[in-house]
Amino acid sequence: MAFGVLVYRPMDWWSLINRNLDEVLTEEDLRTLLESGEPLRHYIGFEISGKIHLGQGLVCMGKVKDLVDAGVQCMIFLADWHTWVNDKLGGDRERIRKVALGYFKEGLAASFRCLGGDPAKLKFVLGTDLYHHNDEYWLTVLDVAKNTSLARIQRSITIMGRKEGESIDFAKLFYPAMQVADIFIQGVQIAHAGIDQRKAHVIARDCALQLKHRPLTNKKGEKIKPVAIHHPLLLGLGKPPVWPVPAEKEKKQELFASMKMSKSIASSAIFIHDAPDEIRAKLKKAFCPPDDAAFNPVLDWTKKLLFRDEGSSLRIERTAQNGGTVAFAAYAELEKSFLEGKLHPMDLKTGVAERLIEILAPAREAFASGERAAMLAELETIPTESRQ
RNA sequence: CCAGGGGUACCCAAGCGGCCAAAGGGGGCAGACUGUAAAUCUGCUGGCUCACGCCUUCGGGGGUUCGAAUCCCUCCCCCUGGACCA
């Protein structure tokens, strides 16, 4: 649904922006923003780390779609510098830049099309371009650094997919401050990422009112904190490292992070351009306990990918012997049926696979041949991680 | 720059002159069992071979030896601490 002219309808904005999220920091600040009537700017940053999986292609971009529909100016930040600092893609800056503007940009655009969006409405920004001849940026990095502590930066390196306490080179300590500075230098009121990026956003909010050089301000010129919105992560398709999952909430959170879809474990993830048979095969191998809904990747995906929109439905073909074809009009209905044993895991898997194959058709076609196929082929020859 | 500890197959980790293609675990793959996966059990898991066997591996390079992952030299890298700057 295209919005030729922006229509200011705060309550619609609210539900679009707020839905399917793990958290909003804070809801009150978001409300204030929406009611201000100011044009809203959003950003989400991506490390250029390899193939685009469904968490990035459908969950991240799904939220971007909501924001675009709500009339927010959305920026997709291609974080080539961060990628280099984090030793991804072989640590070659020129190659990273090339993949960012080639494969990655094209892949995110194709993902956006899978969601029914028009990529022309997205603004892609490359880190290198943002920082070029921009002393203000590095000033902002230092301003952020002056307003947080070393201990806090060290704790925040989990945003890089690093373990707390892991030995790292010093450059990596710049990463969180750079990520925070990206928000302020671009003047975005809405910073968006997965819940795993929470620590960076909390630092941004905590130092927002102290910044001297590039504070975020409202139209009255008052300093404000950026609103942070965090979408959930998808579960990886494999069995959780600890099973059964302990009941304590804190442990659950930690564990959930270790169970997220990871592109370094190929069988845990599906990529936007995977072939139909790969999608079927990966789902067939997925962990799918018939009596657990909380840590069941297939149900998790069903809920987050197939029922993200109100009014979604899922049709599952079954043989007459297995109960015949069924359709579910809501996730809750499907989950109930599954837990009652009326919907067999294998049938759920094939149903989910077939629907995903449909959804991903635009991305698959985009990368099937020509220039984009070449970009993908080239990417696959590059090691994902390495120290220079 | 110094001291100490390390670098072994996809990962962790034993081995410390021949019996080492290299124990053990994990992971992966295949099969059995389940209308899925998991769990459990069986086999495979450097390359080429049906196989005997051959070839390439133990951070890089160079030596010693009939023979080296194992000893010596040298270089590189990682970790812990120290020194330098004061």
Side-chain angles (χ1 to χ4, degrees), chain A residues 49-51 53-54 85-88 90-92 150 154 157 160-173 234-247 252 255-256 258-271 274 276-306 314-326 328 331 334-357 380-388:
Chain A
S49 51
K51 291 192 284 184
H53 63 48
L54 298 189
V85 169
N86 206 13
D87 299 326
K88 299 291 173 61
D92 178 333
L150 174 59
Q154 284 174 319
I157 65 162
M160 290 180 260
R162 306 271 162 192
K163 291 198 180 96
E164 205 179 322
E166 180 175 339
S167 77
I168 50 170
D169 58 70
F170 178 41
K172 292 184 177 49
L173 295 177
L234 286 180
L235 283 179
L237 289 177
K239 186 191 169 195
V242 182
W243 185 263
V245 171
K252 264 191 188 177
L255 196 64
F256 204 90
S258 72
M259 297 183 324
K260 72 175 177 179
M261 183 192 290
S262 160
K263 65 192 67 185
S264 58
I265 305 169
S267 63
S268 83
I270 285 179
F271 301 101
D274 275 352
D277 279 346
E278 281 179 278
I279 294 175
R280 293 185 186 104
K282 285 178 181 176
L283 267 156
K284 183 179 183 305
K285 284 185 157 279
F287 181 68
C288 188
D291 53 358
D292 195 297
F295 290 91
N296 184 319
V298 183
L299 281 179
D300 183 62
W301 288 25
T302 304
K303 182 181 183 176
K304 291 171 185 164
L305 301 179
L306 307 186
L314 180 64
R315 181 185 160 85
I316 296 178
E317 310 272 349
R318 295 190 296 200
T319 61
Q321 192 187 358
N322 288 332
T325 297
V326 279
F328 298 95
Y331 173 74
L334 180 148
E335 182 184 297
K336 182 167 180 282
S337 182
F338 180 83
L339 291 175
E340 284 171 352
K342 292 175 186 162
L343 175 61
H344 187 92
M346 193 62 230
D347 292 325
L348 175 65
K349 285 178 172 183
T350 54
V352 170
E354 295 310 316
R355 183 74 189 102
L356 278 178
I357 289 167
E380 286 180 324
T381 67
I382 304 174
T384 38
E385 174 151 7
S386 75
R387 305 243 168 142
Q388 324 142 19

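These numbers come from a predicted model, not from an experiment.
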Inset, instruction - Please measure how far the P atom in B:A14 lies from the corresponding atom in B:G7, and state the result in whole Å. - result: 8 Å
Inset, instruction - Take atom P in B:A22 and the same atom in B:C16, then report the distance between them in whole Å. - result: 16 Å
Inset, instruction - Take atom C1' in B:U40 and the same atom in B:U34, then report the distance between them in whole Å. - result: 11 Å
Legend entry - B:G4: pairing nucleotide in any strand, Watson-Crick or G-U under 3.5 angstrom: B:C79
Inset, instruction - Report yes if some heavy atom in the side chain of A:M261 is under 4.5 Å from a heavy atom in the side chain of A:L237; otherwise report no. - result: no
Inset, instruction - In whole angstrom, give me the gap between the C1' atoms of B:U70 and B:C19. - result: 15 Å
Inset, instruction - Go ahead and name the base partner of B:G24; Watson-Crick or wobble counts if both distances stay under 3.5 Å, otherwise write none. - result: B:C12
Legend entry - B:C85: pairing nucleotide in any strand, Watson-Crick or G-U under 3.5 angstrom: none
Legend entry - Base paired to B:G43 (Watson-Crick or G-U; both N/O distances under 3.5 angstrom): B:C29
Inset, instruction - Determine whether more than 12 heavy atoms belonging to other residues, nucleotides or ligands lie under 6.0 Å from atom CD of A:Q321. - result: no
Inset, instruction - For A:N322, check side chain to side chain contact (heavy atoms under 4.5 Å, CB included) against everything at least two apart and list the hits. - result: A:R318, A:T319, A:D347
Legend entry - C1' gap between B:G18 and B:U65, integer Å: 12 Å
Inset, instruction - State the pairing partner of B:U65; accept Watson-Crick or G-U wobble contacts with both distances under 3.5 Å, and report none otherwise. - result: none
Legend entry - Beyond-backbone contact of A:F328 with A:T302, side-chain heavy atoms, under 4.5 angstrom: no
Inset, instruction - Give the B/S/- string for nucleotides 29-39 of chain B, one per nucleotide from 5' to 3', where a protein heavy atom under 4.0 Å of the base yields B, of only the sugar-phosphate yields S, and otherwise -. - result: SS----BBBSS
Legend entry - Side-chain touch A:R280/A:T350, heavy atoms, less than 4.5 angstrom: no
Legend entry - side chain to side chain contact (heavy atoms under 4.5 Å, CB included) partners of A:K303, counting only residues at least two apart: A:Y331
Inset, instruction - Searching all strands shown, indicate the nucleotide that pairs with B:G17 (Watson-Crick or G-U wobble; both distances under 3.5 Å). - result: none
Inset, instruction - Could you measure between the two P atoms, the one in B:G61 and the one in B:A9, and give it in whole Å? - result: 15 Å
Inset, instruction - Using the C1' atoms only, state how far B:G47 lies from B:U56, rounded to an integer number of Å. - result: 7 Å
Inset, instruction - Starting at atom CG of A:D87, determine the distance to atom P of B:C77, rounded to an integer number of angstrom. - result: 16 Å
Inset, instruction - In whole angstrom, give me the gap between the P atoms of B:C29 and B:G81. - result: 40 Å
Legend entry - Pair A:K172 + A:D87, salt bridge at N-O below 4.0 Å: yes
